[in-house]
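Okay, so here's the structure we're looking at.
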There are 2 protein chains.
Amino acid sequence: LPPPDIYQRALQVEGPSTMYGRYTQELGVYAKEEAARLRDGGVRDGGGVRRNTSVRSRAADLLEYEKDPCAKCQLCASRCQKFLISRVGEDWIFLILLGLLMALVSWVMDYAIAFCQEAQKWMYGGLDSNMLLQYIAWVTYPVVLITFSAGFTQILAPQAVGSGIPEMKTILRGVVLKEYLTFKTFVAKVIGLTCALGSGMPLGKEGPFVHVASLCAALLSKFMAALFGGIYMNELRNTEMLSAACAVGVGCCFAAPIGGVLFSIEVTSTFFAVRNYWRGFFAATFSAFIFRVLAVWNQEEETITALFKTRFRLDFPFDLQELPAFAILGIACGFGGALFVYLNRLIVECMRKQKTINKFLLRKRLVYPALVTLLVSTLTFPPGFGQFMAGQLTQHESLVALFDNRTWCRQGVAEEFDYISHHHAWKHPQVNVFITLILFIIMKFWMSAVATTMPVPCGAFMPVFLIGAAFGRLVGEIMATMFPDGIHADGSVYPIVPGGYAVVGAAALSGAVTHTVSTAVIVFELTGQISHILPVMIAVILANAVAQSLQPSLYDSIIRIKKLPYLPELGMGHHEKYNIRVEDIMVRDVRFITLNSTYRDLQEMLLTGQLKTLALVESRDSMILLGSIERLQLQSLLSLQLGRQRRLEYLRQLAQDNGTHDHLPSLTTDSTPSSPCTHTNLNASANAGARVRGRQGWAGAKSGLGWVVAIAEWEEQQLDEPVDFKNCKIDPAPFQLVEQTSLHKTHTIFSLLGLDHAYVTSMGRLVGVVSLKELRKAIEGSVTVTGVKVRPPLASFRDSGNTTSVSEVTELHKLCIRHRGLSLPREPNPPDVEDHRNKTCLHPGKKCFWSL
Amino acid sequence: LPPPDIYQRALQVEGPSTMYGRYTQELGVYAKEEAARLRDGGVRDGGGVRRNTSVRSRAADLLEYEKDPCAKCQLCASRCQKFLISRVGEDWIFLILLGLLMALVSWVMDYAIAFCQEAQKWMYGGLDSNMLLQYIAWVTYPVVLITFSAGFTQILAPQAVGSGIPEMKTILRGVVLKEYLTFKTFVAKVIGLTCALGSGMPLGKEGPFVHVASLCAALLSKFMAALFGGIYMNELRNTEMLSAACAVGVGCCFAAPIGGVLFSIEVTSTFFAVRNYWRGFFAATFSAFIFRVLAVWNQEEETITALFKTRFRLDFPFDLQELPAFAILGIACGFGGALFVYLNRLIVECMRKQKTINKFLLRKRLVYPALVTLLVSTLTFPPGFGQFMAGQLTQHESLVALFDNRTWCRQGVAEEFDYISHHHAWKHPQVNVFITLILFIIMKFWMSAVATTMPVPCGAFMPVFLIGAAFGRLVGEIMATMFPDGIHADGSVYPIVPGGYAVVGAAALSGAVTHTVSTAVIVFELTGQISHILPVMIAVILANAVAQSLQPSLYDSIIRIKKLPYLPELGMGHHEKYNIRVEDIMVRDVRFITLNSTYRDLQEMLLTGQLKTLALVESRDSMILLGSIERLQLQSLLSLQLGRQRRLEYLRQLAQDNGTHDHLPSLTTDSTPSSPCTHTNLNASANAGARVRGRQGWAGAKSGLGWVVAIAEWEEQQLDEPVDFKNCKIDPAPFQLVEQTSLHKTHTIFSLLGLDHAYVTSMGRLVGVVSLKELRKAIEGSVTVTGVKVRPPLASFRDSGNTTSVSEVTELHKLCIRHRGLSLPREPNPPDVEDHRNKTCLHPGKKCFWSL
């Protein structure tokens, strides 16, 4: 046995000072541990590679999509075949399970929310003898619920806060936000959302439900992968399933399958693959079906009908001459929607800027939601101000009342249908119904904008929908007052239906806030009537046109506020961006490795940079791009070279040569041959290096001095060897752009292929790299600053030049010179330049990109 | 003046034998003409380049999108800026105009069709004294109309025949089918369609209307371009507008804007850009609105309502326990849809195979439609067999009757609503209503399948929709007979609504035939009721699932029949295609030019090949891909080198040297300096060559012998010069794949980017090219042949090898060797191989792709 104290003491002392100070054990124990860790690591590896890559391109996913089945099932090819053939079948099963699960979650949550609200009403109703007690009951209940929701979410998973649609948009874009799809987040989101909605605050269910459905899909995928393995591990498939899940989320929230699919496409996608369409439709339909069937089974409904069923007359739903009023309603909703988005962002930004408030709120996270809730519930207290704004009604009740087919402003109109409505809440004995409606709209508008900034799981769709309905009802009532007998010129009297205006207003305002037109479809499915299709479509389109020209959508606004890694859309009409080219925005200082790189270069590269993939070029001289290598692959290469096994081999060799064979008996048992492809951690080799350094420090005092020095020498020698890429997986076709590619084209390609980065090449030479970050900066630089065009320095320079250089297609003339290493015509002495270049390139510390 | 007869006679004799035998004029006249042609050519050039490129990639369009504004408006930058900013505004105007126009077309056409059908009824009704006369009237009328339609279309524009959706799918994929978007086609389609539908045959309006709308958009684009210029010339924009036009087509045909947008997306797109969504919605809504407003103004309707308004009860539309019946209806419709597609294809293929029939029909093109019409109208003759299948009703009347909310099989049910229906036509005094329905379904099924193969503009959607409605009605009536008091277990009686089943059946069958789920939305918009949303969705999804697993969609089937250049979808579950890689399907014999190519090589390349773009590589040795050049660019290069101007200069030079200055006075006036970038035609130079050859033949007999020989020598000399690419536009980043790219990935990239071809490179070297054709072959090779897998020869070879080679990521080891020109390890003598290779490559006739 070797003298254990040498290593032990060396490692103990070294421990605190090293970066990876964990190994204070005896070397033999360490070796055993390491071997065990390696074995585990090998097993965990398939997932590990992927899990560590936080930003992945869809193109790369495609690659894995193809590799996976074969790579996974090399041992049992027949089983693999079976899996592949039955894949579609499993899609069906997965979607059915997802739909079922989400319908159950949605229904149970609705049930719990209704229970919460009933409890509040019961408390409030039971205390009607004392108004103070009544007030305390009315206020305390939501404050407690919201505070609990905020606290619970904060503790369990802060990612569950907010809508979730912005995050899903980012995730579907190809960026992996790991913590957003965990079980913890699921629990926090479901419970937090139930409490938040149960409080009766103006919050919505839709956005969070998209997130919940995606969580459900992700967890279900993991579960199925654990059970059946194989295809459930695939990332591309997961993306497909996530986009179906978004549709399920909206679908089972509103029992609106078609609207759900369309809304989720509009809200989360840039380019949509039509082949994924049926997935969303199938899952959303199944989910909506189960959701409504549960209601039937629970005796809430007699059969499957719409959530907010309306009963407008079918034979003459609206007059042609009412269309201008609908159009005006749509335009007004467009302005309103833009205002809502602006207000919402303003509140967040104000809070952030006020540093004292910000600091206080960050320390006492529960104070803000509690205060907001207190304010809102005080204002809606029914015996107080609430009586002027129908404060006693829940969102659901308000909406049912607003979609009512009676006209509120006129008494004594014969009712064809008789059903329970809460329209009496709107008719204050002293106050006109118009005042009530206007107060309702104004109060709910700012309340909703404030409430959605609370750190609880909540969406803004439903509150906005409600405000829109109220605004539509207001316009409808005004119209009904102006034309009591309808506008129709002929003999027959068709009175105006204000409920129809409410439906139109709801669709228009929610469409304006979210920048979608599918709210029209959601409205039809919610009300079960499609008779107002043309007014709804016209209003929604006009509202969208107005809102889109004024503000980003609410979700894009949140993406900007949260600074999520997302590629913004190129604004309509912002054509000055055509002038920006990739060469203006690319990073010229690319980190790369060459075929002749030594392991030392590799180590340096890995220790200094944090890039997920590195470019591989032929040589510093030629800079011809050969491919890209994942960081993990490089780490494994390095650890193979300097790893435990080779080190032990060398030690054994050394021991044999020196006749000190008995030094390493305990170690040899562990050095069983492991696969050369095993991905070990960089830590292992880095530790080894650190250890050597430590050993050198202690060498003078110990007898093993020469031995330690030998190891250090060996390491230095190993590091100087050129890298052997034989066992390294290289992506041979990373995405490439040319310098002249315009911003518009780059944006389209990045969106289409879901790229994270692309290399910029010129005649095969690597000259730069563009990532999402640079692209986003370039786009936002010219979008957010209105009036003043923020342009990259080179763009303006180019503009002042001659116009022929504007053309995208490069002249070959220039290319040739560049490629052959000749100088440009203005340079007098080509051979000198050639020599100089070679000299520069031989200098290892400097990267030479001849950006001629 | 030179002796004119020399050239004249030389050219006259040469005329018939040359390929370009047009120029029998005197050289001076020719030169003048040529100069004029060049001037014209220069003007027409912007469009000319594009027009000649019949297959264009969307990526290339993107390129032009960016270039266009700047290239067009170099003269007036401010105007250009103004154009760009107002572009969105012009989109609106364009879409409004398109919607207006299409609504007018649709309405006028409907009016004309109704008039035709009225006329037939009037004729038929007026002759009720004599059955023979009645029969002749009944039969002659449609035969004449259909024959006229077929003849008119045949003469004016044979492209107008058929549905048009398959062609639009191909065009939107990026393939330019020029003749499909001309004014002639528009006229032929509109008039032909009106006649065809007016005949009362089971034909549809929807498919052709998509085509008509696209024609309208294309013509409107051209018109606007002529008026305003600028952005209306852009191809990418045209594609966006065409996809909006497809939505308009469906939208104003059925007054179904949402369904129209979704249907057109499903039917024509593979990947859909969500940013184009609003265009379709806006235009379709506007169009549907105008279409219905016209009906109101014409006093047909009181207000804007659905086309086939239903009046099902709202409070209890269907029982939960009826859902299994709806599901079975959906599955049956799935099988029926697949059968319809199969039958339709079978008829076409039978006709094609029977060579004698085929020959006869090709000679007498009008016989087939006349015969089919005769057969169909004889069978539907109301006093004859027609009485058992409601033969007297038009499609519209039948559909209204089938969507009736009364139950036919029971008498004496109280009617809540009272409206005109044609249900008496279904109740034959002697025959059960079930028999009538079954006969109707069977007869219409094969009649529709046959009628849609006639060479007239016609679609299959509406007939299929009608058959589906009848089938649904049948199932509904059966249900109503089985459960006369409804299924509901509680006290209240809710009888079954067979009309609801008809709606579900119509959506399911049309969904199955077209492989779309948006027929569900169309159905809601058509009937104006959304109460049956869940049954419709369930049936449509099940029908799609069944039909998609059995047959391609009707449109894909027609694409295959017509052999349109389209990329088929990768079938679901056909995962064996993962095994095919690009290297198995690529064409290795790429046509390329090198930087050192001579003009002679260029000429050869242009004369022998028909490719639209040619690859440019560094040299035969290195084969490094530098870019691609359009054929037209090369033609212009060649004509610059050998063109009139240089030739004349040389002649003048020669004349000066020989002192025969007076030979060329008339020519010098024409040789005004033209821009070096002008694209002249290859013909010019080829003619020049031919002329020289001709001259040589006549040289012996004439005095100008030496002079002609000099010209010939000069030409030979010019052809041997290396090509000067200075003024040639090169696409520096043609799309590249690597050999190991799988078929699945290739397919995705081709679909996403709308590519036409992609070069296959290995470490920057060009090794092959893959075009749509190869890809289609590879996909269809493994899809169409069921059971037997047709695989490329190399794929099976690879499978038998070791499994490690399956991984997509190439081992660098191999790549390096290939790149550095070293031999593979198994080859013993690297230097020899090197020499041999160089020798091979120097041989100009042989292309060397070292497919190691």
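So that the names make sense, note that chain A is the first sequence line, chain B the second, and so on, each numbered from 1.
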Please determine, among B/G528, B/A545, B/S531, the option with the most heavy-atom pairs under 4.5 Å with chain A. B/G528
Below 4.5 Å, heavy atoms only, C-beta onward: do A/Y277 and B/L262 meet side chain to side chain? yes
Quick check: do B/V261 and A/V517 have side-chain heavy atoms less than 4.5 Å from each other? no
Could you tell me the separation between the CD atom of B/Q529 and the CZ atom of A/F524, rounded to the nearest 0.5 Å? 14.0 Å
Rounded to the nearest 0.5 Å, how far apart are CH2 of B/W278 and OG1 of A/T516? 15.5 Å
Portion of A/I538 that has a non-hydrogen atom of chain B nearer than 4.5 angstrom: both
Is any side-chain heavy atom of B/I533 closer than 4.5 Å to a side-chain heavy atom of A/I258? yes
Side chains of A/I541 and B/F286 in contact at under 4.5 Å (non-hydrogen atoms): no
Would you give the length of the straight line joining atom CG of B/L320 to atom CZ of A/R292, rounded to the nearest 0.5 angstrom? 11.0 Å
If I take atom CZ from residue B/F289 and atom CE from residue A/M537, how far apart are they, to the nearest 0.5 angstrom? 13.0 Å
Part of A/I265 lying under 4.5 Å from any heavy atom of chain B: both
Quick one: what part of B/L323 sits under 4.5 Å from any heavy atom of chain A, side chain, backbone, both or neither? side chain
